[in-house]
K.L.:
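Quick one: this structure, given as C-alpha cells, is what I'll be asking you about.
So you know, we letter chains A, B, ... as the sequences are listed, proteins then strands, and number each from 1.
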Amino acid sequence: MIQKPRGTRDFLPDEMERRRHYEGVLRHVAETFGFREIATPIFEEAELFILRSGSNILNELYAFRDKGDREIALRPEMTAPAIRMFVNSMSNEPKPIKMFYFGQCFRYERPQSGRYREFYQFGAELIGNKNPESDAEIIALAASMIKALGLRDYRIRIGHIGVLRQKLADAGVPKEKTAEILQKLDKKLYDEAEPILIDLGVSDLARQEIFDLTGTVGGMEVLSNVPGEAGDYLRSVAEILGRMGVRDVDIDLGVVRGLDYYTGMVFEAEAPALGAEKQICGGGSYTLSELFGGEQVFSTGFAIGFDRILLAMEKEGIEYGLRGIDAYVVPASDAVRGEAYGIVSMLRDSGISSDMDLMGRKMAKAMKHASSVGAGKVIIVGEKELSERSVTVRDMSSGDQTLIRISELVRYLS
RNA sequence: GCCGGGAUAGGGUAGCUUGGUUAUCCUAGGGGACUGUGGAUCCCCUGACUCGGGUUCAAAUCUCGGUCCCGGCCCCA
C-alpha cells in the first residue's frame, strides 16, 4: 500500500468541512478589515527565500532543479512571495495595500505535534508606511482573528526589535554577534547570554540595561519605563489598540523573532496548551521589497499557523457541528423511484442540498442512511402521496411528518 | 540531525512478559429478518498482526534494519 509522505496529511470530509469553515471565518475577518485575498505560486525560485531568510534555510527547504535547470523551491512561507508580487505588479497601487492569503507551505523538518512538512498558513501584509497605525491595524487584525475562532487560552505579546538592536550596538556588540545574542534573549537564556556579552567587553551597566529591557514584560503600563523613540512608538501602538478595544495583548520586549529583516514592532501569539510547538502566530514590521529589486517600502504583517490554531481549539474542546444535508429523498418503492429523481433534481435546482438513495436500498435502510449522512429532512415519495401530488416530509430530529404538495415543497424547505 | 515511546480490520482495542488451534472484543461498512418509516434488537458477510531480513519444528509475540506516527531536543523563516 502506498503511504502518504512523511509529515503530510489527508483531510477526510468531516475534517475538511471543519477546516473550510474556520478558514472562512478568518477570510471574513480579514475582509471586514479591508484586506483582499491574493494567491501566489506554490513554488518559486529558491533564491526568493534565500534572499529573505539566508542560505541556511536551504536545509529546510523542499528545493529541486526543474527540467529547465531552474532552482525551484516549494514555498516555506508566504511573506516573501507576497512582497515579490507587490514588487512585480503592485508597486504603483494606492497605499496602503492590504492583502491576505491562505495556503499550504512546505518545510523539510522533523514532524512533531503541530508541525508538519506540509502545513497551512493564513497571513496578512499591510504595505505602505512605517507607523504605529499600520502596526496597530495588523495586531488588531490578528487579535480579531484569534478571537473570532473562539480560542480562549492564548497570549499575544508585542515587542520592538529596534530598541534591543540599538542597545546592543551601543554596547559595542558587533553586527555578526547580534543574532546569536538575540536568540538567547528570545528564549530568556540570560545565563547563556551573559558570558558572551562579557567576552565582547560589554560593561556591567550595559548588560544590566539589556537584560532589564528584555525583561520588560506585562500590561501596556510597563511601557512607561521604556525610554526613547521605540518607547514612544509602542505607546502609540498601545494607545490605538486601546481605542480599538483590543485588550488581550501584553508587552514583552524580549520578543525577538528569528529574522534580521524585522525593523521595529514584532509580535507573537501562543497557545500554551500546545506544548513545544505552541506559537500560533508571528509577525512584525519589516522591509523586504528592496531585496527583490524594488524600492524600499515599509510593511507590516503576520502569519497564523492554521493547523496549530485548529489543534489548540480542539484541545480546548471547541466542537464544530457538521452541516449535514438539507434533504434526503427516499422512494417508498421501486415503482416510484423515477418520481424521486425528479424531486431531488427540483430541490437541487433550488439550491437545497439534497441526496437520494443510489444503492437500491429498501425504505428502512434508506432512512437509516439518511440519518447517518445528517439529513435534516427526509422526503418520502410514495404512491399514496403521489396520488395527491404530494410527498411526506419527515423532520429527522423531531420525527414529525407532514404531507406537502410537491408544488409547495421548495418553499416549505427553504 | 539527536534522545525516548509506539504501530494488530476503516476507527478503537485484547493477545506480546512466558513463541504453539481458525488472532479477541467493540464499532463501522455491506446484506438480511421487520413486506411504507432512521438513530432498537437479532442473524450473515467484509476486513488486520507496518515492511524486509534473522533465530526457531513453529513468530503478532524474540532479534536486527527500513518506513511511518507520538513526546522531547536542535531548528523554527
K.L.:
Could I get the full list of side chain to side chain contact (heavy atoms under 4.5 Å, CB included) partners for S55(A), not counting sequence neighbours?
P.N.:
I50(A)
K.L.:
If you count heavy atoms of other groups shown closer than 6.0 angstrom to CZ of R361(A), is the number above 12?
P.N.:
yes
K.L.:
Touch check for S113(A), heavy atoms < 4.0 angstrom, all strands: base, sugar-phosphate only, or nothing?
P.N.:
sugar-phosphate
K.L.:
Any strand counts, and the cut-off is 3.5 Å on both contacts for Watson-Crick or G-U wobble. Which nucleotide pairs with G20(B)?
P.N.:
C57(B)
K.L.:
Between A14(B) and G53(B), how far is it from one P atom to the other, in whole Å?
P.N.:
28 Å
K.L.:
Can you sort out the partners of R247(A) under side chain to side chain contact (heavy atoms under 4.5 Å, CB included), two or more places apart, ordered by chain and number?
P.N.:
none
K.L.:
Expressed in whole Å, how much space separates the P atoms belonging to G39(B) and U27(B)?
P.N.:
14 Å
K.L.:
Is there a Watson-Crick or G-U wobble partner for U37(B) with both distances under 3.5 Å, and which nucleotide is it?
P.N.:
none
K.L.:
Looking at C70(B), C75(B), G38(B), which one has an atom nearest to any side-chain atom of E109(A)?
P.N.:
C75(B)
K.L.:
What's the closest nucleotide to the Q401(A) side chain, out of A77(B), U37(B), C76(B)?
P.N.:
U37(B)
K.L.:
In this structure, are over 12 heavy atoms from other groups packed under 6.0 Å from K177(A) atom NZ?
P.N.:
no
K.L.:
Is there a Watson-Crick or G-U wobble partner for C42(B) with both distances under 3.5 Å, and which nucleotide is it?
P.N.:
G32(B)
K.L.:
For E314(A), is there an ion pair with R18(A) - N to carboxylate O distance below 4.0 angstrom?
P.N.:
yes
K.L.:
Round to the nearest Å and state the distance from E60(A) atom CD to C74(B) atom C1'.
P.N.:
9 Å
K.L.:
In whole Å, what is the span from the CD1 atom of I83(A) to the C1' atom of A77(B)?
P.N.:
14 Å
K.L.:
Taking the same atom, P, in C49(B) and in A23(B), what whole-Å distance lies between them?
P.N.:
11 Å
K.L.:
Please tabulate, one pair per line, all N/O donor-acceptor pairs under 3.5 Å involving side-chain atoms of residues 363-381 of chain A, not counting sequence neighbours.
P.N.:
| unit_1 | atom_1 | unit_2 | atom_2 | d |
| --- | --- | --- | --- | --- |
| H369(A) | ND1 | Y328(A) | OH | 3.3 |
| S372(A) | OG | H369(A) | O | 3.0 |
| K377(A) | NZ | D395(A) | OD2 | 3.3 |

K.L.:
Is G54(A) touching bases, backbone alone, or none of the nucleic acid, heavy atoms closer than 4.0 Å?
P.N.:
nothing
K.L.:
Could you check whether Q183(A) gets within reach of a base, just the sugar-phosphate, or nothing at all, counting any heavy atom under 4.0 Å?
P.N.:
sugar-phosphate
K.L.:
Could you tell me the separation between the CG atom of D357(A) and the P atom of G38(B), rounded to a whole number of Å?
P.N.:
15 Å
K.L.:
Between A48(B) and U22(B), how far apart are the C1' atoms? Round to whole Å, please.
P.N.:
15 Å
K.L.:
Looking at residues at least two apart in the chain, or sitting in another chain, which of them share a side chain to side chain donor-acceptor pair (under 3.5 Å) with R107(A)?
P.N.:
none
K.L.:
Expressed in angstrom and rounded to an integer, what is the separation of E383(A) atom CD from U37(B) atom C1'?
P.N.:
15 Å
K.L.:
Would you list the atom pairs, donor with acceptor, under 3.5 Å between side chains in residues 303-311 of chain A and any protein atom, with sequence neighbours excluded?
P.N.:
| unit_1 | atom_1 | unit_2 | atom_2 | d |
| --- | --- | --- | --- | --- |
| D307(A) | OD1 | R9(A) | NH1 | 2.9 |
| D307(A) | OD1 | R9(A) | NH2 | 2.9 |
| D307(A) | OD1 | R19(A) | NH1 | 3.2 |
| D307(A) | OD1 | R19(A) | NH2 | 3.0 |
| D307(A) | OD2 | Y120(A) | N | 2.7 |
| R308(A) | NE | G114(A) | O | 2.8 |
| R308(A) | NH1 | Q279(A) | O | 3.0 |
| R308(A) | NH2 | E277(A) | OE1 | 2.8 |

K.L.:
In terms of ring plane angle, is the pair Y286(A) and Y262(A) parallel, tilted or perpendicular, where the classes change at 30° and 60°?
P.N.:
perpendicular
K.L.:
Enumerate the side chain to side chain donor-acceptor pair (under 3.5 Å) contacts for residues 143-156 of chain A, please, sequence neighbours excluded, ordered by first and then second residue.
P.N.:
Y154(A)-D248(A)
K.L.:
Starting at CZ of F302(A) and ending at P of C76(B), how long is that distance when rounded to a whole Å?
P.N.:
22 Å
K.L.:
Tell me what A370(A) touches on the nucleic acid: a base, only sugar-phosphate, or nothing, going by heavy atoms under 4.0 Å.
P.N.:
nothing
K.L.:
To the nearest angstrom, how far is D186(A) atom CG from C74(B) atom P?
P.N.:
12 Å
K.L.:
Rounded to the nearest 0.5 Å, how far apart are CZ of F35(A) and CD1 of I97(A)?
P.N.:
11.5 Å
K.L.:
What residues, two or more places apart in sequence or in another chain, satisfy side chain to side chain contact (heavy atoms under 4.5 Å, CB included) together with K4(A)?
P.N.:
T8(A), D10(A)
K.L.:
If C74(B) has a Watson-Crick or G-U wobble mate with both distances under 3.5 Å, name it; if not, just say none.
P.N.:
none
K.L.:
Quick one: pull up OG in S134(A) and CE in M265(A) and give me the separation to the nearest 0.5 Å.
P.N.:
9.0 Å
K.L.:
Considering only atom C1', compute the distance from A28(B) to U13(B) and round it to an integer number of Å.
P.N.:
14 Å
K.L.:
Who is the Watson-Crick or G-U wobble partner of C68(B), with both distances under 3.5 Å?
P.N.:
G6(B)
K.L.:
Using a cutoff of under 3.5 Å, can you pull out all pairs of nitrogen or oxygen atoms linking the protein to nucleotides 1-7 of chain B, with atom names and distances?
P.N.:
| unit_1 | atom_1 | unit_2 | atom_2 | d |
| --- | --- | --- | --- | --- |
| C2(B) | N4 | R110(A) | NE | 3.2 |

K.L.:
Distance check, C1' atoms only: U61(B) and G6(B), in whole angstrom units.
P.N.:
16 Å
K.L.:
Extract from the structure each pairing of a protein N or O with an N or O of nucleotides 29-32 of chain B at less than 3.5 Å, listing the distance.
P.N.:
| unit_1 | atom_1 | unit_2 | atom_2 | d |
| --- | --- | --- | --- | --- |
| G30(B) | OP1 | R361(A) | NH2 | 2.3 |
| G31(B) | OP2 | R361(A) | NE | 3.4 |
| G32(B) | N7 | K365(A) | NZ | 3.1 |

K.L.:
Between Y101(A) and E125(A), does the side-chain hydrogen bond (donor to acceptor under 3.5 Å, both in side chains) criterion hold? Intermediate values first, please.
P.N.:
CA-CA 9 Å; Y101(A) 47 76; E125(A) 311 294 337; 2.8 Å; yes
K.L.:
Let's go through K167(A) and D170(A) carefully: what are the C-alpha distance in whole Å and the side-chain angles of both, what is the deciding distance for salt bridge (charged side-chain N to carboxylate O under 4.0 Å, His left out) to 0.1 Å, and is it a yes or a no?
P.N.:
CA-CA 5 Å; K167(A) 199 61 118 183; D170(A) 292 350; over 6 Å; no
K.L.:
Rounding to the closest angstrom, what is the interatomic distance between A9(B) and U24(B) at atom P?
P.N.:
13 Å
K.L.:
Calculate the interatomic distance between K384(A) atom NZ and U35(B) atom P; express it in whole Å.
P.N.:
13 Å
K.L.:
State which residues pass side chain to side chain contact (heavy atoms under 4.5 Å, CB included) with D334(A); sequence neighbours excluded, sorted by chain then number.
P.N.:
R337(A)
K.L.:
Polar pairs (N or O, both sides) under 3.5 Å between protein and nucleotides 8-11 of chain B?
P.N.:
none

K.L.:
Rounded to whole angstroms, how far apart are CZ on R394(A) and C1' on G39(B)?
P.N.:
10 Å
K.L.:
For atom P, what is the distance between G30(B) and G72(B), given to the nearest Å?
P.N.:
39 Å
K.L.:
Would you tabulate the pairs of protein nitrogen or oxygen atoms and nucleotide nitrogen or oxygen atoms of nucleotides 65-69 of chain B closer than 3.5 angstrom?
P.N.:
| unit_1 | atom_1 | unit_2 | atom_2 | d |
| --- | --- | --- | --- | --- |
| C69(B) | OP1 | G7(A) | N | 2.8 |
| C69(B) | OP2 | R6(A) | NH1 | 3.1 |

